[in-house]
K.L.:
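My questions will all concern the structure given below.
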2 protein chains.
Amino acid sequence: MRLLSPPVGLPVLSESDLVRQVARRLTDAITRGDLPPGAKVAEAAVARELGISRAPVREAARLLESQGLLCAHPRRGFFVRELSPADIDDLYDLRLCIERHAAVEAARRLDAPARAALRACLDDLYAAAQRDDAARTVEADYRFHRKICEIAGNGRLLRLFDGLATELKVVIGLIGRLYDDPHAIARTHEPVLAALEAGHAERIVAHVDHHLGVARREVGRLVRALSPGPEAP
Amino acid sequence: MRLLSPPVGLPVLSESDLVRQVARRLTDAITRGDLPPGAKVAEAAVARELGISRAPVREAARLLESQGLLCAHPRRGFFVRELSPADIDDLYDLRLCIERHAAVEAARRLDAPARAALRACLDDLYAAAQRDDAARTVEADYRFHRKICEIAGNGRLLRLFDGLATELKVVIGLIGRLYDDPHAIARTHEPVLAALEAGHAERIVAHVDHHLGVARREVGRLVRALSPGPEAP
DNA sequence: TAAGCGTCGATTGTCGACAGTTTCGGCTTG
DNA sequence: CAAGCCGAAACTGTCGACAATCGACGCTTA
């Protein structure tokens with residue numbers, strides 16, 4: 001099995017905050033695609049693999065359930081949440097909603113270090129695209145958007161973004177790649193940063209809308225190409 | 001103690017979906033104010049009161065932890081999350097963010113039944129204000145806003161709204177009342193509905209902004225009046 | 001008297017166990 | 001040959017138990 005990879009060595013789990021550690025292992029396995037949508041998360045198997053009892057596993061699963069990553073069917077167990085095309089639409093809709101807000105707010109608070117941080121994120125993005133490293137490209141993309149939310153200064157908004165990003169990573173991991181041209185992804189971020197620095201609210205919203213709209217269409221297209229048909233949970 | 005009220009009769013809990021039931025009892029107790037912010041949620045005590053073992057209680061607590069209602073301190077237990085004035089600001093900021101979005105989207109999908117439903121919510125609100133029933137007024141207020149999110153048609157956005165509303169109910173319950181004039185609360189919703197029916201996006205956003213801005217300032221004022229000073233978690 | 005320290009009770013974190021249910025495979029039967 | 005039934009294995013939901021840890025109380029001491 002070996003789905004829940006330990007960092008590297010043989011020792012499986014340390015002692016403190018077991019539940020949190022299990023939750024992280026599970027989310028990693030899900031975003032990595034080792035636990036694909038719809039897969040059953042058997043508590044006993046997870047517990048055995050990690051060398052612990054089932055109680056902490058169940059608690060971790062509850063954490064992920066509230067987060068929307070897992071879905072509990074009574075008497076049947078936990079399953080990795082399946083995302084229908086409509087779900088993905090909702091996800092991107094919500095993401096648009098909060099990133100617009102975050103971007104406008106971030107522009108109001110944009111100082112020199114914040115600007116530099118954003119620039120650094122973009123540089124990472126370019127570098128990853130240059131190296132044709134799909135995983136790192138997605139990660140750098142995510143970092144850029146996350147940084148905007150961070151600068152916006154609303155901790156709850158940031159947590160929300162992280163949650164959405166985790167769910168989106170599942171589908172992105174599923175389709176394997178985000179764009180055909182890895183460089184295009186980097187370039188499409190430039191107008192967003194430019195608008196942020198300009199500080200003009202309407203232009204910010206317009207560029208965020210456009211940028212996310214492109215991503216949404218792209219992901220939607222790829223997902224629809226992959227999914228065989230409409231599935232009802 | 002009797003903090004976790006059973007609906008009415010003596011039988012404490014039925015058998016199925018115990019975790020979900022415990023979670024609901026706990027959220028009810030929190031929003032009702034029986035478990036005030038900062039209160040310790042002792043698993044053993046809850047389990048004893050409900051006549052069950054600690055395992056389901058812990059799982060329910062994990063659900064509420066991801067929801068932001070509880071806060072887990074390792075080796076110390078679960079505590080009802082405390083909201084600083086800054087937290088409340090963040091909460092209202094986020095609420096503004098999603099309700100703007102929801103309102104614009106709802107306007108695009110506003111058909112006859114949706115319009116009627118919103119009107120009905122407002123009538124309930126007037127009725128509750130008329131009767132000077134603070135709890136019902138808050139509930140009707142919440143229903144109106146929730147209906148907008150419902151009409152918007154994004155299930156995830158609706159869940160998010162529910163989560164925010166639950167957290168806000170805690171502070172609202174804490175301050176006891178929302179407005180000095182219970183009728184004013186009803187009247188301030190009219191322009192929002194009017195803007196929705198007009199379908200003009202900018203006017204919708206403007207009215208939502210104004211409506212929520214008023215609520216936010218009011219709640220902020222009352223909370224600041226109650227809280228002794230800045231508290232760092 | 002106030003501060004520091006040690007002990008005791010209470011609570012948490014984790015475990016193994018048990019009953020009830022679901023699921024999977026094979027077998028029977030039309 | 002397909003469909004349905006039956007039994008066993010595996011799994012879930014819940015429980016009680018035990019060790020480790022935390023907080024509080026009281027005692028000692030400067």
Side-chain angles (χ1 to χ4, degrees), chain A residues 1-4 6 11-26 29-30 35-36 38-66 69-82 233, chain B residues 1-4 6 11-26 29-30 35-66 69-82 231 233:
Chain A
M1 290 291 166
R2 291 272 100 216
L3 287 181
L4 279 27
V12 193
L13 282 187
S14 62
E15 75 287 349
S16 116
D17 237 347
L18 206 44
V19 173
R20 215 60 60 95
Q21 289 181 58
V22 175
R24 163 164 265 158
R25 290 276 178 100
L26 286 174
I30 292 171
L35 286 174
K40 178 173 170 66
V41 180
E43 344 170 340
V46 173
R48 248 183 321 233
E49 182 166 340
L50 297 176
I52 60 179
S53 82
R54 281 168 44 216
V57 177
R58 283 181 65 89
E59 290 186 31
R62 294 298 184 184
L63 282 177
L64 271 49
E65 182 189 350
S66 267
L69 272 180
L70 293 184
C71 164
H73 291 239
R75 292 273 170 207
R76 306 232 353 248
F78 293 93
F79 297 81
V80 180
R81 185 100 185 278
E82 290 192 85
Chain B
M1 286 294 165
R2 292 270 99 218
L3 287 182
L4 278 24
V12 191
L13 282 186
S14 60
E15 74 286 351
S16 112
D17 237 345
L18 206 44
V19 173
R20 213 62 59 95
Q21 289 181 59
V22 174
R24 162 163 264 156
R25 289 276 178 99
L26 286 174
I30 292 171
L35 286 174
K40 179 174 169 62
V41 180
E43 335 169 344
V46 173
R48 241 184 325 236
E49 183 165 339
L50 297 176
I52 60 179
S53 81
R54 281 169 43 217
V57 177
R58 283 181 64 88
E59 289 185 34
R62 295 297 184 185
L63 282 176
L64 271 49
E65 181 189 351
S66 266
L69 273 179
L70 293 184
C71 163
H73 291 240
R75 293 279 172 204
R76 308 234 350 253
F78 293 93
F79 297 81
V80 179
R81 184 97 186 278
E82 290 192 85
E231 30 199 338

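The sequence lines fix the lettering, A, B, ..., with proteins before strands; numbering per chain opens at 1. Scope of the values below: all heavy atoms of this structure, side chains included, with no hydrogens, waters or symmetry mates.
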K.L.:
Would B/Val80 and B/Leu70 count as a side-chain contact (heavy atoms from CB on, under 4.5 Å) here? Give the steps.
P.N.:
CA-CA 5 Å; B/Val80 179; B/Leu70 293 184; 4.1 Å; yes
K.L.:
Rounding to an integer number of Å, can you tell me how far A/Glu49 CD sits from D/dC11 C1'?
P.N.:
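These atoms are roughly 17 Å apart.
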K.L.:
In whole angstroms, how far is the P atom of D/dT14 from the CZ atom of B/Arg20?
P.N.:
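The answer, rounded to whole Å, is 11 Å.
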K.L.:
What's the CZ-C1' distance between A/Arg48 and D/dA10, to the nearest Å?
P.N.:
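Rounded to the whole Å, the gap is 9 Å.
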K.L.:
Report all interatomic pairs (protein N or O, nucleotide N or O of nucleotides 19-24 of chain C) with separations under 3.5 Å.
P.N.:
residue: C/dT23; atom: OP1; partner: A/Arg76; partner atom: NE; Å: 2.6

K.L.:
Base, sugar-phosphate, or nothing: which does B/Ala42 touch, judged by heavy atoms less than 4.0 Å apart?
P.N.:
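Here B/Ala42 touches the backbone only, sparing every base.
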K.L.:
May I have the distance from B/His73 (atom NE2) to D/dT21 (atom C1'), rounded to whole angstrom?
P.N.:
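So the two atoms are 16 Å apart, to the nearest Å.
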K.L.:
Take B/Ala55 and B/Val41, find for each the nucleotide of DNA chain C with the closest heavy atom, and name the residue whose nucleotide sits nearer the 5' end.
P.N.:
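Its nearest nucleotide being more 5', the pick is B/Val41.
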K.L.:
In chain order, what residues pass the salt bridge (charged side-chain N to carboxylate O under 4.0 Å, His left out) check against B/Arg81, with sequence neighbours excluded?
P.N.:
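Result, salt bridge (charged side-chain N to carboxylate O under 4.0 Å, His left out) vs B/Arg81: none returned.
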K.L.:
Rounded to the nearest angstrom, tell me the gap between atom CZ in B/Arg54 and atom P in C/dG13.
P.N.:
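Checked: the CZ to P distance equals 8 Å.
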K.L.:
If you compare all heavy atoms of B/Ala23 against all heavy atoms of B/Ala60, which two are closest, and at what distance to 0.1 Å?
P.N.:
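The answer is N-CB, 3.6 Å.
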K.L.:
Return the set of residues passing salt bridge (charged side-chain N to carboxylate O under 4.0 Å, His left out) with A/Arg20 (not counting sequence neighbours), or none when no residue passes.
P.N.:
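For A/Arg20 the salt bridge (charged side-chain N to carboxylate O under 4.0 Å, His left out) partners, ignoring immediate neighbours, are B/Glu65.
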K.L.:
For A/Pro74 and B/Asp17, which heavy atoms make the closest approach, and how far apart are they?
P.N.:
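In terms of heavy atoms, the two residues are closest at CG-OD2, 4.0 Å.
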K.L.:
Are any non-hydrogen side-chain atoms of B/Val22 and B/Ile52 less than 4.5 angstrom apart?
P.N.:
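Contact flag for B/Val22/B/Ile52 side chains = yes.
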K.L.:
Quick one: which of A/Glu49, A/Glu43, A/Glu59 gives a salt bridge (charged side-chain N to carboxylate O under 4.0 Å, His left out) with A/Arg54?
P.N.:
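The salt bridge (charged side-chain N to carboxylate O under 4.0 Å, His left out) with A/Arg54 is passed solely by A/Glu43 among A/Glu49, A/Glu43, A/Glu59.
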K.L.:
Measure from CZ on B/Arg62 to C1' on C/dT14 and round the result to the nearest Å.
P.N.:
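Whole-Å distance recorded here is 12 Å.
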K.L.:
When you get a sec, tell me which of D/dC15, C/dC15, C/dT12 is the closest nucleotide to the side chain of B/Arg58?
P.N.:
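The answer is C/dT12, which lies nearest to the side chain.
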K.L.:
Could you tell me the separation between the CD atom of B/Glu43 and the P atom of D/dG16, rounded to a whole number of Å?
P.N.:
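Nearest whole value for this atom pair: 15 Å.
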K.L.:
What nucleotide, of D/dA17, D/dT14, D/dT12, holds the atom closest to the side chain of A/Lys40?
P.N.:
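The nucleotide sitting nearest to the side chain is D/dT12.
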K.L.:
Grab the CG-P distance between A/Leu70 and D/dT12 for me, whole Å please.
P.N.:
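Atom-to-atom, A/Leu70 to D/dT12, this comes out as 12 Å.
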